[in-house]
Amino acid sequence: MREDRSMRTWPALLLALMVAAVVAALPAATALDGDPGGGPGGGLGGGPGGSSPPSPPADTPVPAVGRAWPVGLRPSVIRGWDPPATTYGRGHRGVDLTAPPGAPVRAVAPGRISFAGRVAGRGVVSVELNGTGDPPLRTTYEPVRATAKKGTKVAAGEVIGVLEPTGSHCPASCLHWGLRRADAYLDPLSLLPPWLLGRGPSRLLPVIGVPEPEARTVP
């Protein structure tokens, strides 16, 4: 009596269907938390690979939550933000600020270190900013040797690393500073209020705890 070949193929087919069902049930792979990626166009970021929550519209305003420059008091901008015309087009996804090697790099706003490591041979630190929506805004700094670990909560102006002497794409030493909301790149300078950008007249603010002088009558 000959064995029906179709009967012998059933176990293999059943096993293949079971494996496919298990694979489909697994969660989709996601990018490393805080990993800026490796997109083209100057600075890190933007490549595919990893799911992420949907981004708000590109014209969503960025809250001016910054309270400090990432380097220096008011560094010069070597190269400004130049968004690409297409997702993978040429452009500059951040700003380059003048700073000497070894300069302290500070968080511009309070948040949590979401990434501290090396990407494509360069030191990168990312900070997820508090109270900036869902998904939250995330600032990136490179090339930076991190002095704070992933998961650390930081205040505005707190040192998170030091500028590395190599790995920059500038002709001279500089810090590349970026801003992202999910996969959308934004202008990091929009985080800074006018008084930090040097726009508008300065004004004196009252000092808490110090009473104002009484008005004097001139005879």
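Counting from 1, the numbers follow the sequence of the chain as shown.
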Of the non-hydrogen atoms in [X] and [Y], which two are nearest, and what is the gap between them?
X	Y	result
His176	Gly94	CE1-CA, 3.8 Å
Leu97	Pro70	CD1-CG, 3.5 Å
Ala107	Ala68	O-CB, 4.3 Å
Ala109	Gly66	CB-CA, 4.2 Å
Ser173	Pro100	OG-C, 3.7 Å
Ile78	Cys170	CD1-SG, 4.5 Å

* Check the hydrophobic clustering (I, L, V, M, F, W, Y; side-chain heavy atoms under 4.5 Å; chains of links allowed) and say if Val65 and Trp69 are grouped together. => yes
* Connected via hydrophobic side-chain network under 4.5 Å: Val159 and Val127 -> no
Can you tell me how far [atom2] of [Y] sits from [atom1] of [X], rounded to the nearest 0.5 angstrom?
X	Y	atom1	atom2	answer
Leu163	Tyr141	CG	OH	13.0 Å
Arg74	Leu192	CZ	CG	10.0 Å
Arg180	Glu128	CZ	CD	12.0 Å

So does [Y] get a backbone contact from the side chain of [X], meaning a donor-acceptor N/O pair under 3.5 Å?
X	Y	answer
Thr139	Leu179	no
Ser126	Phe115	no
Arg181	Pro135	yes

* Asked: Under the criterion side chain to side chain contact (heavy atoms under 4.5 Å, CB included), which of Val62, Leu186, Thr132, Leu196 is the partner of Leu191?
  -> Val62
* How about Asp187 and Val95: do any of their side-chain heavy atoms sit closer than 4.5 Å? -> yes
* To do: Compare all side-chain heavy atoms of Ile160 with those of Ile113 and state whether any distance is below 4.5 angstrom.
  => yes
* Asked: Of all residues at least two apart in sequence or in a different chain, which pass the side-chain contact (heavy atoms from CB on, under 4.5 Å) check with Val162?
  -> Arg145
